[in-house]
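Notes to accompany the following structure.
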Amino acid sequence: MLQQTPVSRVLEPWRAWLARWPTPAALAADPPGEAVRMWGRLGYPRRALRLHAAAVAIVERHDGEVPSDHDELLALPGVGSYTAAAVSAFAFGGGEVVLDTNVRRVLARAISGVEFPANTPTAAERRLAAELWPAEDAARWSAAVMELGALICTAARPKCGDCPIRDRCAWYAAGRPTHDGPPRRGQTYAGTDRQVRGRLLEVLRDAEDPVPAARLDLVWDDPVQRTRALESLLADGLVVRRGRAYTLP
DNA sequence: GAGACGTGGCC
DNA sequence: TGGCCAAGTCT
């Protein structure tokens, strides 16, 4: 849930989720569409599908217990480098560096002296972090640096006045130079297929029964884009066709 | 490796 | 007000 989503927005859905499905086996026993429905408006609903698939894999491959091994975690659907490291470190005391967006930004500033890290983690970044991280208490360090990035060393308007490592920060020492080079992201949304997918899925989440195609036609005027979005949802397995109607899987 | 992929809060 | 961005992953 925390992948690309702020902690504050995850908290309540997370509680409700665990109240309904306290174990991987409980989640795996329900249809994947129920996971998508329960996901609500958290965004990136493929994460819900993958979380369900991960629960199924945990039941099938790990006897219902979340594996503690980093590589076994990494093999689960929806679990990438960050999540494998985070679960390993925070749940099982593993020593991996949790290189999330906060840690990356803190290292970029404090060590490299630049405002922002590259768009995606580089090998050099991983090497740097690995050299810096202590052998003992690695999880504690990761949590601490993540918090520093999330609360103080924020992307916009960092609170350098409150920063405990300001005196050792290369970026601060350099006068907080602004980012140069290519744009950092490009996350346009309005008018994209993503927006259309969101509209379509919203209707299906809120419906108990399969939704006739005619009702889905109302969510977006352009039939070409609407059809493309629906087809992509079908391809993703987020939606299934039932005759002339559509429903969650 | 670039691009696709949701949603909402903040200033 | 609209652009930025949030505990990334997959193709």
Side-chain angles (χ1 to χ4, degrees), chain A residues 1-14 35-54 57 73-91 96-108 115-123 125-126 129 139 141-151 153-159 178-179 182-206 219-220 225 228-239:
Chain A
M1 287 177 173
L2 289 165
Q3 293 166 359
Q4 291 281 281
T5 306
V7 177
S8 58
R9 204 146 74 74
V10 160
L11 228 40
E12 281 314 306
W14 172 73
V36 175
R37 195 189 305 280
M38 196 73 179
W39 199 254
R41 305 190 65 82
L42 270 179
Y44 290 145
R46 292 195 288 201
R47 294 182 297 171
L49 221 45
R50 289 177 183 144
L51 185 50
H52 183 275
L73 286 165
L74 197 56
L76 296 171
V79 176
S81 174
Y82 157 74
T83 304
V87 172
S88 172
F90 298 143
E96 296 84 5
V97 176
V98 184
L99 205 60
D100 83 323
T101 188
N102 294 301
V103 172
R104 296 187 59 223
R105 188 173 52 251
V106 169
L107 295 185
E115 187 179 19
F116 296 116
N119 278 322
T120 54
T122 62
E125 239 179 299
R126 299 183 183 287
W141 261 67
S142 291
V145 180
M146 286 170 77
E147 288 298 290
L148 183 61
L151 302 178
C153 195
T154 49
R157 284 170 290 284
K159 303 167 183 62
T178 54
H179 176 80
R184 305 185 42 237
R185 224 156 243 174
Q187 221 182 42
T188 54
Y189 179 64
T192 61
D193 288 4
R194 281 158 82 183
Q195 186 179 17
V196 186
R197 284 166 57 105
R199 294 261 187 97
L200 291 168
L201 212 52
E202 180 178 15
V203 172
L204 297 179
R205 271 201 314 267
D206 296 341
V219 308
W220 199 259
Q225 191 176 22
R228 188 172 63 223
L230 182 56
E231 290 297 329
S232 75
L233 287 171
L234 289 164
D236 286 347
L238 281 163
V239 174

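Each chain gets a letter, A, B and so on, in the order its sequence line appears, and its residues count up from 1.
Here the closest heavy-atom approach between residue A:Thr192 and residue A:Gln225 is recorded as C-NE2, 3.4 Å. Of all the heavy atoms in A:Ala85 and A:Val97, the pair that sits closest is CB-O, 3.7 Å. The minimum heavy-atom distance between A:Thr5 and A:Arg47, with the atom names listed, is OG1-NH1, 3.0 Å.
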Polar atom pairs (N or O), protein with nucleotides 2-4 of chain B, under 3.5 Å:
none

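Counting any heavy atom pair closer than 4.0 Å across all strands shown, A:Arg50 reaches sugar-phosphate atoms only and no base atom. Residue contacts shown for A:Val103 are absent, as no nucleic acid heavy atom lies under 4.0 Å away. At a threshold of 4.0 angstrom between heavy atoms, the contacts of A:Arg105 are confined to the sugar-phosphate backbone, with no base atom among them. Here A:Arg205 lies in heavy-atom contact (under 4.0 Å) with sugar-phosphate atoms only. Using a 4.0 Å heavy-atom distance criterion, A:Ala155 is classed as a sugar-phosphate-only contact. Nucleic acid contact class of A:Leu42 (heavy atoms, under 4.0 Å, all strands): base. Counting any heavy atom pair closer than 4.0 Å across all strands shown, A:Ser81 reaches sugar-phosphate atoms only and no base atom. A:Gly80 comes within contact range of the sugar-phosphate backbone alone, with a heavy-atom separation under 4.0 Å but no base atom that close.
Rounded to whole Å, atom C1' of C:dT9 lies 19 Å from atom NE2 of A:His52. The interatomic distance linking A:Asn102 (CG) with C:dA6 (P) rounds to 7 Å, in whole Å. Distance A:Arg197 CZ to B:dT7 P: 10 Å, rounded to the nearest Å. As rounded to whole Å, 10 Å separates atom P of C:dT9 from atom CG of A:Asp100. Nucleotide C:dC5 holds its C1' atom 12 Å from the CG atom of A:Asn119, rounded to whole Å. Distance CZ (A:Arg104) to P (C:dG8): 10 Å, rounded to an integer number of Å. Atom pair A:Leu2:CG and C:dA7:C1' shows a separation of 5 Å (rounding to whole Å applied). Rounded to whole Å, the distance from CD on A:Glu115 to C1' on C:dC4 is 12 Å.
Residues that satisfy the side-chain hydrogen bond (donor to acceptor under 3.5 Å, both in side chains) test with A:Glu115, not counting sequence neighbours, are absent from this structure. The side-chain hydrogen bond (donor to acceptor under 3.5 Å, both in side chains) test applied to A:Gln3 returns A:Thr83, not counting sequence neighbours. A search for salt bridge (charged side-chain N to carboxylate O under 4.0 Å, His left out) contacts involving A:Arg46 returns A:Asp236, not counting sequence neighbours. For A:Trp220, there are no ring-ring contact (aromatic ring centres under 6.0 Å, His included) partners, not counting sequence neighbours. In terms of the side-chain contact (heavy atoms from CB on, under 4.5 Å) criterion, residue partners of A:Ser232 (sequence neighbours excluded) are, by chain and number, A:Arg197. In this structure, A:Arg205 has no side-chain hydrogen bond (donor to acceptor under 3.5 Å, both in side chains) partners at least two apart in sequence or on a different chain. With sequence neighbours excluded, the residues satisfying side-chain hydrogen bond (donor to acceptor under 3.5 Å, both in side chains) with A:Asn102 are A:Asp100, A:Arg105.
Closest to the side chain of A:Arg157, from the set B:dC5, C:dA7, B:dC11, is B:dC11.
At C:dA6, none of the side-chain N or O atoms of A:Gln4 fall inside 4.0 Å of OP1 or OP2 (strictly under the cut-off). Phosphate contact (OP1/OP2 of B:dG8, side-chain N/O of A:Arg41, threshold under 4.0 Å): present. Between A:Thr5 and C:dA6, a side-chain N or O to OP1/OP2 separation shorter than 4.0 Å is absent. Side-chain nitrogen and oxygen atoms of A:Thr83 include at least one within less than 4.0 Å of the OP1 or OP2 phosphate oxygen of C:dT9. Between A:Gln3 and C:dA7, a side-chain N or O to OP1/OP2 separation shorter than 4.0 Å is absent.
Side-chain to base pairing of A:Tyr44 with B:dG6: one donor and one acceptor N or O lie within less than 3.5 Å of each other. If you check distances only, the side chain of A:Ser8 never reaches the base of B:dG9 with a donor-acceptor pair under 3.5 Å.
Taking the C1' atoms as reference points, C:dC10 lies 12 Å from B:dG1, given to the whole Å. Distance noted for atom P between B:dG6 and C:dT11: 14 Å (whole Å). Between B:dC5 and C:dA7, the two P atoms lie 23 Å apart (nearest whole Å).
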Next on the checklist: If you apply the rule side-chain contact (heavy atoms from CB on, under 4.5 Å), what do you find for A:Leu107 with A:Leu99, and how did you get there?
Outcome noted: CA-CA 10 Å; A:Leu107 295 185; A:Leu99 205 60; 4.3 Å; yes

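Take the nearest nucleotide of DNA chain C for A:Leu74 and for A:Pro6: the residue whose nucleotide is more 5' is A:Pro6.
A donor and an acceptor atom, one from each side chain of A:Arg50 and A:Tyr44, are nowhere located under 3.5 Å apart.
DNA chain C lies under 4.0 Å from no heavy atom of any residue of residues 231-238 of chain A.
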